[in-house]
Peer 1: 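My questions all concern the structure below.
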Amino acid sequence: MASEGILLGMGNPLLDISAVVDHDFLNKYDLQLNNAILAEDKHLPMYDELASNPNVEYIAGGATQNSIRVAQWMLQVPGATSYMGSIGKDKYGEEMKKNSKLAGVNVHYYEDESAPTGTCGVCVVGGERSLIANLAAANCYKVEHLKRPENWALVEKAKYFYIAGFFLTVSPESIQLVAEHAAANNKVFSMNLSAPFICEFFKDVQEKALPYMDYVFGNETEARTFSKVHGWETDDVEQIALKISEWPKIGGRKRITVITQGADPVVVAEDGKVKKFPVILLPKEKLVDTNGAGDAFVGGFLSQLVQEKPIEDCVKAGCYAANVIIQRSGCTYPEKPDFN
């Protein structure tokens, strides 16, 4: 059984504004499917346009928060997971708090007085998605919030940490504090490559955190971008996963790299070896949208990792969770998992 507060996540809480659109909509806002970007001025009118869509849905999101919610759902132990990030004092922020409490996650949000709660435009075409994050309040997280005794107590209590790479753009100091705590106390620290732009434009802060990472998650596009940025001259996902796993390491554990490839097998690199695990294939007509699939995979994986299950079980749980999520709109799930 997972104990209370065993897993702590930190990241950018965003309210997903999700709607099915067409290719003209993507072209209008210069968007690509299966990509995640930060909003520029040209994207700002898009949020109102999505909100006026008759099929619009609002779902508490943000990559890390998705993973933590899924892990919590898989564990079914109230308060097994905790989460920190920054929201605004507004109706979206209230919605986020309500959503997270219902999910059983122990959330300690920093509430910013000046900025609105962050949103993520989720544009769905043919089951695939393009994500455009307007960080707003999520960008205002302060390391002082983490250092408050009631919040640092969550760090002390947790044995496993997960932070998506997106948080590198907001509070690298917070990441460093948690990473150093994990290394000093033989706890498990994991991060995600998260998006090509993180590997490209936040290379330095990513490299500073990398030696502390016991688990590195990512997908094939992010892995290939990481390889290109580091001059590795290979597109072979297995080779890239190996090279990431062999990156210099701080702390007593070896690093394990886990790369998902959509419908292709999951690649796991550890100890100089690569294993591949098949995913659960889904007929095209059952696919609703891929938003949150990678986050759900991580959540499922972590739900078994915190119970000290073998890596095969962690990957199976990840594949199970991703399979459930892509048959539903956004990162949502039924009341109870039926994973065994």
Side-chain angles (χ1 to χ4, degrees), residues 1-11 13 62-85 100 103-108 146 151-168 171 174-194 209-218 244-245 249-258 260 266 268 270 294-318 320-322 337 339:
M1 278 290 272
S3 56
E4 192 190 329
I6 192 166
L7 172 62
L8 171 64
M10 296 183 74
T64 308
Q65 186 161 247
N66 284 343
S67 296
I68 294 297
R69 277 173 44 236
V70 169
Q72 178 62 48
W73 169 67
M74 292 282 287
L75 285 164
Q76 294 285 308
V77 176
T81 62
S82 310
Y83 175 80
M84 284 189 255
S100 305
V105 179
N106 176 21
V107 292
H108 282 216
L146 173 63
N151 298 329
W152 190 254
L154 297 180
V155 177
E156 299 269 348
K157 194 172 200 178
K159 295 189 175 72
Y160 294 81
F161 301 95
Y162 174 67
I163 302 175
F166 296 118
F167 202 54
L168 288 165
S171 189
S174 299
I175 294 173
Q176 202 63 22
L177 268 186
V178 172
E180 286 168 7
H181 167 86
N185 294 279
N186 198 28
K187 296 179 175 185
V188 177
F189 180 76
S190 51
M191 286 193 72
N192 202 310
L193 300 177
S194 288
L210 195 58
Y212 294 93
M213 296 180 205
D214 298 302
Y215 287 83
V216 175
F217 296 96
I244 293 174
S245 72
K249 180 83 177 60
I250 291 168
R253 298 165 190 277
K254 58 189 182 185
R255 180 180 302 109
I256 297 176
T257 314
V258 184
T260 58
V266 178
V268 176
E270 64 172 315
D295 303 336
F297 174 86
V298 174
F301 187 102
L302 292 171
S303 75
Q304 304 308 296
L305 187 68
V306 303
Q307 299 180 75
E308 299 180 10
K309 297 282 174 64
I311 199 103
E312 297 81 89
D313 292 4
C314 297
V315 174
K316 272 184 190 152
Y320 163 78
F339 174 75

Peer 1: Do Ser171 and Leu146 come within less than 4.5 Å of each other through their side chains, counting heavy atoms only?
Peer 2: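 No - every pair of side-chain heavy atoms lies 4.5 Å or more apart.
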
Peer 1: Considering only heavy atoms from C-beta outward, does the side chain of Leu8 approach that of His108 to under 4.5 Å?
Peer 2: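 A side-chain contact under 4.5 Å is absent here.
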
Peer 1: Should Phe189 and Tyr212 be marked as a ring-ring contact (aromatic ring centres under 6.0 Å, His included) after you check the CA-CA gap, both sets of side-chain angles, and the distance that decides it?
Peer 2: CA-CA 7 Å; Phe189 180 76; Tyr212 294 93; 7.1 Å; no

Peer 1: Look at the side chain of Glu4 and the backbone N and O of Gly79, then say whether any donor-acceptor pair between them is shorter than 3.5 Å.
Peer 2: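 Not confirmed, Glu4 side chain does not pair with Gly79 backbone.
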
Peer 1: In Å and rounded to the nearest 0.5 Å, what is the CD to OG distance from Gln72 to Ser67?
Peer 2: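 One gets 13.0 Å once the value is rounded to the nearest 0.5 Å.
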
Peer 1: Measure the shortest side-chain to side-chain distance between Pro337 and Gln76 over non-hydrogen atoms and say whether it is less than 4.5 angstrom.
Peer 2: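 Touching, per the 4.5 Å side-chain cut-off.
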
Peer 1: Determine the interplanar angle of the Phe301 and Phe297 rings, folded into 0 to 90°, and report it as parallel if under 30°, tilted if 30 to 60°, perpendicular if over 60°.
Peer 2: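 The arrangement is tilted - the two ring planes meet at 30° to 60°.
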
Peer 1: For a quick test of reading the model, state the closest non-hydrogen atom pair linking Met74 to Gln304 and the distance between them.
Peer 2: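 Shortest heavy-atom separation between Met74 and Gln304 comes out as CE-NE2, 4.4 Å.
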
Peer 1: For a side-chain contact (heavy atoms from CB on, under 4.5 Å) check, start with the C-alpha distance between Ile175 and Leu168, then their side-chain angles and the critical distance, and finish with the verdict.
Peer 2: CA-CA 7 Å; Ile175 294 173; Leu168 288 165; 3.6 Å; yes

Peer 1: Distance check, rounded to the nearest 0.5 Å: Met213 atom CE versus Ile163 atom CD1?
Peer 2: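 Taking CE in Met213 and CD1 in Ile163, the distance rounds to 9.0 Å.
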
Peer 1: Could you measure the distance from the CG atom of Leu193 to the CG atom of Leu210? Nearest 0.5 Å is fine.
Peer 2: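 Answer rounded to 0.5 Å: 8.5 Å.
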
Peer 1: I'd like to know whether Phe166 forms a side-chain contact (heavy atoms from CB on, under 4.5 Å) with Asn192, so could you lay out the CA-CA distance, the side-chain angles of the two residues, the decisive distance to 0.1 Å, and finally the verdict.
Peer 2: CA-CA 8 Å; Phe166 296 118; Asn192 202 310; over 6 Å; no

Peer 1: Contact between Tyr162 and Val188 at the side-chain level, heavy atoms closer than 4.5 Å - yes or no?
Peer 2: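 Contact flag for Tyr162/Val188 side chains = no.
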
Peer 1: When you compare the side chain of Leu154 with that of Tyr83, does any pair of heavy atoms fall below 4.5 Å?
Peer 2: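 They are not in contact (no side-chain heavy atoms under 4.5 Å apart), so the answer is no.
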
Peer 1: State, yes or no, whether a side-chain contact exists between Lys159 and Asn185 at a heavy-atom distance under 4.5 Å.
Peer 2: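 Result no, sub-4.5 Å side-chain heavy-atom pair not found.
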
Peer 1: So which heavy atom on Ala2 is nearest to which on Leu75, and how close?
Peer 2: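 Residues Ala2 and Leu75, closest heavy atoms: CB-CD2, 3.7 Å.
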
Peer 1: If you compare all heavy atoms of Ala71 against all heavy atoms of Leu7, which two are closest, and at what distance to 0.1 Å?
Peer 2: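 Smallest interatomic distance, heavy atoms only, reads CB-CD2, 3.8 Å.
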
Peer 1: For Lys316, look at atom NZ and say whether over 12 heavy atoms of other residues, nucleotides or ligands are found less than 6.0 Å away.
Peer 2: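 No.
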
Peer 1: Can you name the closest pair of heavy atoms from Ser194 and Gly165 and give their distance?
Peer 2: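 Closest approach of Ser194 to Gly165: OG-N, 2.8 Å.
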
Peer 1: In the structure I gave you, are the side-chain heavy atoms of Met10 and Phe161 within less than 4.5 Å of one another anywhere?
Peer 2: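 A side-chain contact under 4.5 Å is absent here.
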
Peer 1: How many angstroms lie between atom CG of Leu305 and atom CD1 of Ile311, to the nearest 0.5 angstrom?
Peer 2: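 Leu305 atom CG to Ile311 atom CD1 measures 7.0 Å (nearest 0.5 Å).
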
Peer 1: Please report the interatomic distance CZ(Arg253) to NZ(Lys187), rounded to the nearest 0.5 Å.
Peer 2: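 Result: 11.0 Å between the selected atoms.
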
Peer 1: Are the side chain of Glu270 and the backbone N or O of Thr257 linked by a donor-acceptor pair below 3.5 Å?
Peer 2: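 Not at all, since once roles are kept as given, no pair shorter than 3.5 Å links the two residues.
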
Peer 1: Taking the side chain as every heavy atom from C-beta outward, state whether Met191 and Phe167 have any atom pair closer than 4.5 Å.
Peer 2: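 A side-chain contact is absent here, since even the closest heavy-atom pair is not under 4.5 Å.
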
Peer 1: How long is the straight-line distance from OH of Tyr160 back to CG of Leu302, given to the nearest 0.5 Å?
Peer 2: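 Here the interatomic distance stands at 10.0 Å.
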
Peer 1: Where do Asp214 and Ser190 land on the side-chain contact (heavy atoms from CB on, under 4.5 Å) test, with the steps shown first?
Peer 2: CA-CA 6 Å; Asp214 298 302; Ser190 51; 5.9 Å; no

Peer 1: Where the side chain of Ser82 meets the backbone of Gly5, is there a donor-acceptor pair that is under 3.5 Å apart?
Peer 2: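 Not at all, since once roles are kept as given, no pair shorter than 3.5 Å links the two residues.
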
Peer 1: Assess whether side-chain contact (heavy atoms from CB on, under 4.5 Å) is satisfied between Val298 and Thr260, documenting all intermediate values.
Peer 2: CA-CA 10 Å; Val298 174; Thr260 58; over 6 Å; no

Peer 1: Can you see which heavy atom on Ser303 is nearest to which on Ala317, and at what distance?
Peer 2: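 The pair with the smallest heavy-atom distance is OG-CB, 4.3 Å.
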
Peer 1: Search all heavy atoms of Val216 against all heavy atoms of Arg255 and return the closest pair with its distance.
Peer 2: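 Closest approach of Val216 to Arg255: CG2-CD, 3.6 Å.
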
Peer 1: Under 3.5 Å, is there a donor-acceptor pair between the side chain of Ser245 and the main chain of Ile256?
Peer 2: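 Flag not set: sc Ser245 to bb Ile256 has no pair under 3.5 Å.
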
